[in-house]
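To start, the structure under review is shown below, and the notes come after it.
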Amino acid sequence: MSKEAQQRMEKIVSLCKRRGFIFQSSEIYGGLNGFWDYGPMGAELKRNLRDTWWQTMTRDRDDVVGLDASIIMHPTVWTASGHVDTFSDPMSTCKHCKKLVRSDQWWAMMAEQNWTQSIAELIEPGTNRFQPAVLLKWGKGKGKQLAPNLALVRNPDVTISWVAEEIEKGRGPADATELYKFLATEQMAITGLVTPCPHCGGELTAPRPFNLMFRSHYGPVESEDNICYLRPETAQAIFVQFKNVLDSSRVKVPFGIAQIGKAFRNEITPRNYTFRSREFEQMELEFFIRPDDAVCLIHGHVEKWREGADLSAPNPAWGWEMWHRYWVDQRTKYYDSVGLGTDVLDYHWQKPEELAHYARATVDILFKFPFGTEELEGIAARGDFDLSQHQKFSGKQLEVFDEELKAAAEKLSNEQKKEFIDELFEDRKCADTTREEIAAYADKLFKGFYLPHVIEPSAGLDRMALAVLAAAFDEETVTDEKGKAETRTVLRLHPRIAPVKCAIFPLLKNRPELVAKAREVEASLRRHMNIFYDEAGAIGRRYRRQDEIGTPFCVTVDFDTIGENGPEKVDTVTLRHRDSMQQERIPIAELRARLEAAIF
RNA sequence: GCGGGCAUAGUUUAGUGGUAAAACUCCAGCCUUCCAAGCUGGCUAUGAGGGUUCGAUUCCCUCUGCCCGCUCCA
């Protein structure tokens, strides 16, 4: 992070605390790493963001419904989803270079290292046999650069002699993996062979479990039988309740289920302010679509993505690629509507090797934070992975019945059906699937049944709140009439999401007529939007205070309002705009409509 | 979890082995006819715990938190 970026970040953090956006959790007790609280302004901001997401994703559409599931679910949910396995990776630390190594990736990392490849060249191909003198020479020469902390390098003679001794006694390395462990061990100790650090050859500690899920127990007695987890993502509840929603909501594929809620992860390193927290809020949509094979049966073809394709409205013939692109487009429009335009966003199309095991394609929408360009939302095409896992683990049928599909299939001759199966088999040849499996799957399709595939736009609410704050933060130099320059700090938040929509001031507080009129204006607006009344200090100071919390409008009641300067201006007020600091005079009667037009 | 740096008021910064200083902010009052004006008064700090000492904010240890790097990020 550059120095300027760091200073900018510090100013944002400071403003957030000073003005009541974000506080450290449990601050008076010294704080708690990875947890944050939202103050009065932050609570409003977050609520506004949450509301705009919900409005856009569910209420504005007729094909998405909502869900609000419990945070703690049946523990098997997390076995089915794969979280129990992937969230508890054992890790080792190198005693010499202090780097962390995931145990399950150790061998893969080893294979990529220069020093292991260099040793491999000295071994008789296909065996573990080697000339001790050759390795000795390597340890005293080349190895010094490549693996400085390997036993073979630090103490070549001793290491080689005991390894040779072991081999003589028939207790030598059984395979390549073990060979490297032998070469990393100076003397056989009670603890056994040393596992070398892939980076430097040094000694790795024994693997220690890393539990990335928060664990608890349901019921008052703690035992192995009632372990449960705080959900690490909200998505799984949607899959788990998929059938109930389908049966109770009269929705038909394609349709989506949206959910906003807290999720918990024991992050190894919570960093960058609220960006990576251990407790955070997600806004997720699971949008269920027909598998491409079903689309093909119904429409005779599948519309695939091509550059410049029309994404404005869903088309029944769309395949998953089109739906994926469609949601990327929808989400981009949403971000723009809350003030995050493509100038501050970035996109990362994950490469095949980066994809999670369940994903066919993933796009990350990133925001240019001061501390780096980081992920706000991931939009994954997940296939039917989750539903099929839950179907398998729960033993419950989660397939949907599609009337249109059945009708389309009924029109096919047996010959056409066989052709369809042949084509499927041809397509999946590399996918390790037997012809019987393909035929069974096709048979279900012909009867109108399938597991829907899913497109998952998954956004982080806290990250988004931080992003809009970072994007809105601005300092500008303003010069007063006397020529004195000073810095104006202003949050240029989109009016839709600003915590306070409008502040109401009497020009002076020691004139009861002004105060009374301002209170009247306040009362007329309070029911319709979040407003703030202030009469303390000079008017300019009050404006600047509102600038700092991003209030888009200020209304001032002055002597014109109460008729002191003639009848034509009675009941008009000044409306002051945050970004331009321009003022205009408008009748109180028009105030509400003017504000609402800008805010909603 | 590892390594390095840091910790004094809301913020930014002084300072000391012997009563902790200032500016801005904030609050109250006065004043004030539109952009952080002025005057008066006020609140608020040595991150927590232990040790050395007659006495520790200062020296030592432990913990916590923050920043940077490693690592992780479905």
Side-chain angles (χ1 to χ4, degrees), chain A residues 1 6 9-11 13-15 17-20 23-35 78 81-83 85-87 89 91-102 105 199 205 208-210 212-213 232-233 235-236 263 265-273 275-276 350 354-359 362 364 371 374-375 378 380 382 385-386 456 458 460 478-482 484 486-490 505-511 514 536-548 554-562 564-565 573-574 576 578 581-583 585:
Chain A
M1 197 187 332
Q6 205 166 322
M9 199 57 212
E10 277 165 17
K11 283 177 185 167
V13 171
S14 165
L15 173 72
K17 180 171 188 189
R18 188 155 38 86
R19 291 302 185 194
F23 305 129
Q24 193 177 18
S25 165
S26 320
E27 197 189 77
I28 63 169
Y29 286 99
L32 192 61
N33 192 241
F35 297 90
W78 307 110
S81 68
H83 288 85
D85 291 334
T86 60
F87 259 49
D89 304 311
M91 303 217 195
S92 302
T93 318
C94 173
K95 289 182 181 172
H96 293 93
C97 71
K98 308 293 180 193
K99 289 189 175 164
L100 259 188
V101 177
R102 258 173 68 167
Q105 290 176 356
H199 304 283
T205 61
R208 281 165 303 187
F210 270 55
L212 267 36
M213 275 199 287
E233 64 171 27
Q236 293 306 322
R265 294 180 193 182
N266 254 323
E267 297 289 351
I268 298 171
T269 315
R271 275 296 159 84
N272 290 329
Y273 200 31
F275 182 79
R276 181 170 295 133
Q350 289 192 9
E354 295 175 302
L355 289 176
H357 56 285
Y358 53 74
T362 299
D364 294 329
F371 48 79
E374 299 276 3
E375 184 182 340
R382 296 175 74 125
F385 175 80
D386 300 276
E456 177 195 84
S458 167
V478 290
T479 313
D480 63 17
E481 296 116 28
K482 293 165 205 143
K484 201 179 129 207
E486 55 185 12
T487 305
R488 182 172 83 113
T489 303
V490 49
F505 311 139
L507 183 59
L508 300 174
K509 78 165 167 183
N510 57 0
R511 303 298 171 94
L514 293 180
I539 189 77
R541 175 178 295 267
R542 283 179 263 162
Y543 284 145
R544 296 299 174 80
R545 264 199 286 249
Q546 295 303 316
D547 288 341
E548 278 203 333
C554 293
V555 164
T556 301
V557 169
D558 61 12
F559 293 92
D560 290 355
T561 317
I562 55 173
E564 258 187 30
N565 301 321
V573 289
T574 51
R576 183 257 193 187
R578 176 195 65 201
M581 298 199 290
Q582 295 293 309
Q583 301 188 350
R585 186 124 213 129

Starting at [atom1] of [X] and ending at [atom2] of [N], how long is that distance when rounded to a whole Å?
{"X": "A:Arg542", "N": "B:C35", "atom1": "CZ", "atom2": "C1'", "value": "11 Å"}
{"X": "A:Leu508", "N": "B:C35", "atom1": "CG", "atom2": "P", "value": "12 Å"}
{"X": "A:Glu374", "N": "B:C72", "atom1": "CD", "atom2": "P", "value": "14 Å"}
{"X": "A:Asp547", "N": "B:A36", "atom1": "CG", "atom2": "C1'", "value": "10 Å"}
{"X": "A:Asn272", "N": "B:C73", "atom1": "CG", "atom2": "C1'", "value": "12 Å"}
{"X": "A:Leu507", "N": "B:C31", "atom1": "CG", "atom2": "C1'", "value": "13 Å"}
{"X": "A:Tyr543", "N": "B:A37", "atom1": "OH", "atom2": "C1'", "value": "16 Å"}
{"X": "A:Leu514", "N": "B:C34", "atom1": "CG", "atom2": "P", "value": "12 Å"}

Please state the [atom1] separation for the pair [N] and [M] - nearest whole angstrom.
{"N": "B:C66", "M": "B:A23", "atom1": "P", "answer": "32 Å"}
{"N": "B:A22", "M": "B:U40", "atom1": "P", "answer": "15 Å"}
{"N": "B:A21", "M": "B:A9", "atom1": "C1'", "answer": "12 Å"}
{"N": "B:C68", "M": "B:A36", "atom1": "P", "answer": "35 Å"}
{"N": "B:C6", "M": "B:A14", "atom1": "P", "answer": "14 Å"}
{"N": "B:A7", "M": "B:U57", "atom1": "C1'", "answer": "12 Å"}
{"N": "B:U16", "M": "B:G55", "atom1": "C1'", "answer": "14 Å"}
{"N": "B:G10", "M": "B:U44", "atom1": "P", "answer": "10 Å"}

Sidechain-backbone polar pair: A:Arg271 side chain, A:Arg276 backbone, donor-acceptor under 3.5 Å: no
Tell me whether A:Arg265 contacts the main-chain N or O of A:Pro232 through its side chain, where contact means a donor paired with an acceptor under 3.5 Å.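 Here the side-chain-to-backbone pair exists.
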Heavy-atom closest contact (A:Leu507 atom, A:Arg542 atom, distance): O-NH2, 3.1 Å
For nucleotides 6-14 of chain B, list the nitrogen or oxygen atoms of the protein found under 3.5 Å from its nitrogen or oxygen atoms, one pair per line.
none

Which base, if any, makes a Watson-Crick or G-U wobble pair with [N], both distances under 3.5 Å?
{"N": "B:C27", "result": "B:G41"}
{"N": "B:C2", "result": "B:G69"}
{"N": "B:U62", "result": "B:A48"}
{"N": "B:G17", "result": "none"}
{"N": "B:A56", "result": "none"}

Taking the side chain as C-beta and beyond, is there a heavy-atom pair between [X] and [Y] under 4.5 Å?
{"X": "A:Ile539", "Y": "A:Arg576", "value": "no"}
{"X": "A:Asp386", "Y": "A:Glu456", "value": "no"}
{"X": "A:Val490", "Y": "A:Arg488", "value": "yes"}
{"X": "A:Asp560", "Y": "A:Arg585", "value": "yes"}
{"X": "A:Arg545", "Y": "A:Arg19", "value": "yes"}
{"X": "A:Phe35", "Y": "A:Ser26", "value": "no"}

[X], nearest nucleotide to its side chain (from [options]):
{"X": "A:Glu564", "options": "B:G29, B:U33, B:C35", "result": "B:U33"}
{"X": "A:Met581", "options": "B:C35, B:C72, B:A36", "result": "B:C35"}
{"X": "A:Asn510", "options": "B:A37, B:C31, B:C34", "result": "B:C31"}

Compute the centroid of each ring, for A:Phe371 and then for A:Tyr273, and state whether the two points are separated by less than 6.0 Å.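 Aromatic pair excluded; centres sit 6.0 Å or further apart.
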Do any side-chain nitrogens or oxygens of A:Arg541 fall under 4.0 Å of OP1 or OP2 in B:U25?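 It does, given that an N or O in the side chain of A:Arg541 lies less than 4.0 Å from OP1 or OP2 of B:U25.
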Please classify the nucleic acid contact of [X] as base, sugar-phosphate, or nothing, using heavy-atom distances under 4.0 Å.
{"X": "A:Arg488", "value": "nothing"}
{"X": "A:Arg271", "value": "base"}
{"X": "A:Gln583", "value": "base"}
{"X": "A:Glu548", "value": "base"}

Whichever of A:Arg276 and A:Thr489 has its nearest RNA chain B nucleotide further upstream toward 5': A:Thr489
Short heteroatom pairs, N/O only, protein and nucleotides 61-66 of chain B, under 3.5 Å:
unit_1: B:U64; atom_1: O2'; unit_2: A:Gly30; atom_2: O; d: 3.3
unit_1: B:G65; atom_1: OP1; unit_2: A:Asn33; atom_2: N; d: 3.4
unit_1: B:G65; atom_1: O4'; unit_2: A:Gly30; atom_2: O; d: 3.2
unit_1: B:G65; atom_1: O3'; unit_2: A:Gln24; atom_2: NE2; d: 3.0
unit_1: B:G65; atom_1: O2'; unit_2: A:Gln24; atom_2: NE2; d: 3.1
unit_1: B:C66; atom_1: OP1; unit_2: A:Asn33; atom_2: ND2; d: 3.3
unit_1: B:C66; atom_1: OP2; unit_2: A:Asn33; atom_2: ND2; d: 2.2

Can A:Glu486 and A:Arg544 be counted as an ion pair, charged N to O under 4.0 angstrom? yes
Testing A:Thr561, A:Val557, A:Thr556 one by one against A:Leu514 for a side-chain contact (heavy atoms from CB on, under 4.5 Å), which residue passes? A:Val557
